[in-house]
Amino acid sequence: MDPSVLDPAKASTCTTCRFAEDKSNYWTAVLFFKHPNGSYIRVPQMANHNTGPGLSAGGMTIYYFQPTPPTKNLDVVAFAPGFRMIVGHPMRRADDIPAASPEHRSTSYRCFDTNDPGNNGVPGFPGDSFHLPNKPCAEGIRSNIYFPQCWDGVNLDSPDHSSHVAFPEGPSSAGLQIFGTDCPASHPVRLPLLFIEINWDTRPFNDVSLWPKDGSQPFVFSMGDPTGFGQHADYLFGWEGDSLQRAMEVCTGGDGVPWNCPVLTTQDMDTMNNCHQPNKVAEVVEDEYIQRLPGCNPIQDGPVSATLAPNDCGAQSTWIAAPTAVTAPPAIVTPPWPVCYDGPNPGSNPLAPLCNSKPTKANSGPVVTPAPL
């Protein structure tokens, strides 16, 4: 995408991210529950572990990881303005990626049981599944999505939005070296490992009497995927100036607590939750049961790949002018786990932000980072 035409860092007036400098676009398909009567309702999203203080109104958790030895090239380069990419295949309906391929672990799911600590184990390894969980998950389902880490160094995008990037070569391993170590010669530039977690609040749908009698599970993605193999995500870079590069150079503690990164500006949760756009299509897609999936997408359960379906119901295109009315932000869901720590010995849980810690409204708000000279 030509940043002179659209640069999110310049076009955006607010951000739902904790860091005010991050105006990037992160997108995934959404999950629906299929009722026995054939209607659908969107599954709410809820705040992740250690994302407080405050509860986010849905959303997702975004991580930017940097490689460590034995990776040879530790010179990680921030994404460039106009950069975009996609991971996953929306038409995929089977576990058909070779297990030896790094891409095999790029999308997965975690089924949270009662009192599950949530952060045990590297996503995509034993305990997680590559298909949607086939049992009720007492505390919800989490999507785990890893993007490629290697860039050809030339193209900000490609016709398929993925050929200009690649996963590192080498065997998959536990820890943050999850996709091997070094970049292939075709894509020599090392990028940060962009990782997304989305927590789906499936708790309201755990009544097994509402589940299919054939032993399958009742959840389906908005593009008509009931398997989960078609999970995918899009990324459009939108950090202000050189803020991401500076953060990668300075904020290497690895604790994930935002205000431990002094070169970036943090926002309070109210500011984040109040940043939202109006619906782009005049179509009811949430908060009530609907008779068909958005866009009238049909369910295609595989195992062969899905195909494009004709628009035979008059569904509106997303290429229309947005309504002028501002829509309300998603309802805030209280998750079954704490989002911050307020117990004794504050230093005993270094990965959790303290519930009485900043940010506050007094120190929140975007600070424009100058572009590099």
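Positions are given from 1, in the same order as the sequence printed here. Remember, it's a predicted structure, so these values are computed and weren't measured experimentally.
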### Query
Within the side chain of D182, is there an N or O that forms a donor-acceptor pair under 3.5 Å with the backbone of P70?
no
### Summary
To the nearest 0.5 Å, atom NE2 of H131 lies from atom OG1 of T227 at 9.5 Å
### Task
Show your reasoning for whether side chain to side chain contact (heavy atoms under 4.5 Å, CB included) applies to I290 and E283.
CA-CA 10 Å; I290 56 179; E283 179 182 13; over 6 Å; no
### Donor-acceptor pair, side chain of N206 and main chain of P136, under 3.5 angstrom
no
### Query
Are any side-chain N or O atoms of S12 and backbone N or O atoms of C14, one a donor and one an acceptor, separated by less than 3.5 Å?
no
### Task
Please assess R18 against W259 for the test side chain to side chain contact (heavy atoms under 4.5 Å, CB included), listing each intermediate value before the final yes or no.
CA-CA 9 Å; R18 183 68 86 174; W259 32 94; 3.8 Å; yes
### Task
Give every residue pair that meets the disulfide (SG to SG under 2.5 Å) criterion with at least one member in residues 73-107, sequence neighbours excluded.
none
### Task
May I ask you to decide if T68's main-chain N or O and T71's side chain share a donor-acceptor pair within less than 3.5 Å?
yes
### Query
Any donor and acceptor pair, going by atom type alone, linking the side chain of T15 with main-chain N or O of D22 inside 3.5 Å?
yes
### Task
Kindly work out whether a path of hydrophobic side-chain contacts (I/L/V/M/F/W/Y, heavy atoms less than 4.5 Å apart) joins F167 to I86.
no
### Query
Would you say L74 has more than 12 foreign heavy atoms packed within less than 6.0 Å of its CG?
yes
### Task
Decide yes or no on side chain to side chain contact (heavy atoms under 4.5 Å, CB included) for V87 and S162, but give the supporting numbers first.
CA-CA 7 Å; V87 66; S162 60; over 6 Å; no
### Summary
When every non-hydrogen atom of S222 is compared with those of N297, the smallest separation belongs to O-ND2, 2.9 Å
### Query
Residues in side-chain hydrogen bond (donor to acceptor under 3.5 Å, both in side chains) with N345, at least two apart?
none
### Query
Just wondering, do D157 and H164 contact through their side chains at under 4.5 Å, heavy atoms?
yes
### Summary
Nearest heavy-atom contact between N134 and Q217 is CA-CB, 4.2 Å
### Non-hydrogen atoms of A29 and W200 that approach each other most closely
O-CH2, 3.7 Å
### Message
Test of understanding: with side-chain hydrogen bond (donor to acceptor under 3.5 Å, both in side chains), list the residues that count as partners of N25, not counting sequence neighbours.
### Response
none
### Residues D225, R93: salt bridge by 4.0 Å N-O rule
yes
### Query
In Å and rounded to the nearest 0.5 Å, what is the OG to CG distance from S243 to L264?
6.0 Å
### Query
What residues form a side-chain contact (heavy atoms from CB on, under 4.5 Å) with P36, not counting sequence neighbours?
L210
### Task
Decide whether Q231 and T28 meet the rule of one side-chain donor and one side-chain acceptor closer than 3.5 Å.
no
### Query
Is it true that M91 and I145 fall in one hydrophobic cluster, defined by side-chain heavy atoms closer than 4.5 Å?
no
#### Entry: Expected output: side-chain E240 to main-chain K23 donor-acceptor under 3.5 Å
no
### Query
Got a sec, which residues hit salt bridge (Lys or Arg N to Asp or Glu O under 4.0 Å) with D342, two or more places apart in sequence or on another chain?
none
### Contacts of type side-chain hydrogen bond (donor to acceptor under 3.5 Å, both in side chains), residue E103, not counting sequence neighbours
H89
### Message
Nearest 0.5 Å, please: how far is CD in E197 from OG1 in T51?
### Response
10.0 Å
### Task
Run the ring-centre check on F219 versus F32 and record whether the distance is less than 6.0 Å.
no
#### Entry: R105 side-chain N/O to G124 backbone N/O, donor-acceptor pair under 3.5 Å
yes
### Message
Taking side-chain hydrogen bond (donor to acceptor under 3.5 Å, both in side chains) as the definition, give me every residue that meets it alongside T61, ordered by chain and number, with sequence neighbours left out.
### Response
N48
### Query
Would you say the side chain of F33 lies within less than 4.5 Å of the side chain of T202, judging by non-hydrogen atoms?
no
### Message
Test your reading of the model: is there a side-chain donor-acceptor pair from Q45 to the backbone of G59, 3.5 Å cut-off?
### Response
yes
### Query
How are the rings of F19 and W239 set to each other: parallel, tilted or perpendicular (split at 30° and 60°)?
tilted
### Flag side-chain contact, heavy atom, 4.5 Å: C150 against P184
yes
#### Entry: 4.5 Å side-chain heavy-atom contact, W151 and L156
yes
### Query
Would you say the side chains of S163 and D160 form a donor-acceptor pair under 3.5 Å?
yes
#### Entry: Test item: F221 and L293 side chains (from C-beta on) under 4.5 Å apart, heavy atoms
no
### Message
Using the side-chain contact (heavy atoms from CB on, under 4.5 Å) criterion, which residues pair with K10? Sequence neighbours excluded.
### Response
D7
### Summary
Here the pair of heavy atoms bringing D128 nearest to P123 is OD2-CA, 3.3 Å
### Message
Could you check whether F237 and F83 have their ring centres less than 6.0 Å apart?
### Response
no
### Parallel, tilted or perpendicular: rings of H232 and W27 (30°, 60°)
tilted
### Query
Is it true that L191 and Y26 fall in one hydrophobic cluster, defined by side-chain heavy atoms closer than 4.5 Å?
yes
### Message
Given 3.5 Å as the limit, does a donor-acceptor pair link the side chain of D242 with the main chain of Q245, or not?
### Response
no
### Query
Apart from I97 itself, which Ile, Leu, Val, Met, Phe, Trp or Tyr residues share its cluster (side-chain heavy atoms under 4.5 Å, direct or through members)?
none
### Q66 side-chain N/O to M248 backbone N/O, donor-acceptor pair under 3.5 Å
yes
### Message
So, using ring pair (Phe, Tyr, Trp, His ring centres under 6.0 Å) as the criterion, who are the partners of F130 when residues are at least two apart?
### Response
H104
### Query
Is P218 close to F205 at the side-chain level, that is, under 4.5 Å between some pair of heavy atoms?
no
### Task
May I ask whether V220 and F229 are part of the same hydrophobic cluster, defined by side-chain heavy atoms of I, L, V, M, F, W, Y residues being less than 4.5 angstrom apart, directly or through others?
no
#### Entry: Minimum side-chain heavy-atom gap I41-H35 below 4.5 Å
no
### Task
Kindly write out the residues that satisfy salt bridge (Lys or Arg N to Asp or Glu O under 4.0 Å) with D255, not counting sequence neighbours, or none if the list is empty.
none
### Same apolar cluster: L354 and L351, side chain cutoff 4.5 Å
no
### Task
For the residue pair P335 and D201, establish whether any side-chain heavy-atom pair is separated by less than 4.5 Å.
no
### Summary
Rounding to 0.5 Å, atoms OH (Y146) and OG (S108) come to a distance of 6.5 Å
### Message
Once rounded to the nearest 0.5 Å, what's the spacing between atom CZ of R84 and atom CG of D234?
### Response
7.0 Å
### Task
Compare every heavy atom of A247 with every heavy atom of V263, then report the nearest pair and how far apart it is.
CG2-CA, 3.8 Å
### Shortest non-hydrogen contact from A47 toward W337
O-NE1, 3.0 Å
### With sequence neighbours excluded, residues passing side-chain contact (heavy atoms from CB on, under 4.5 Å) with P133
Y109, C111, S129, C137, I141
### Query
How many angstroms lie between CZ in F195 and CD1 in I62, if you round to the nearest 0.5 Å?
9.5 Å
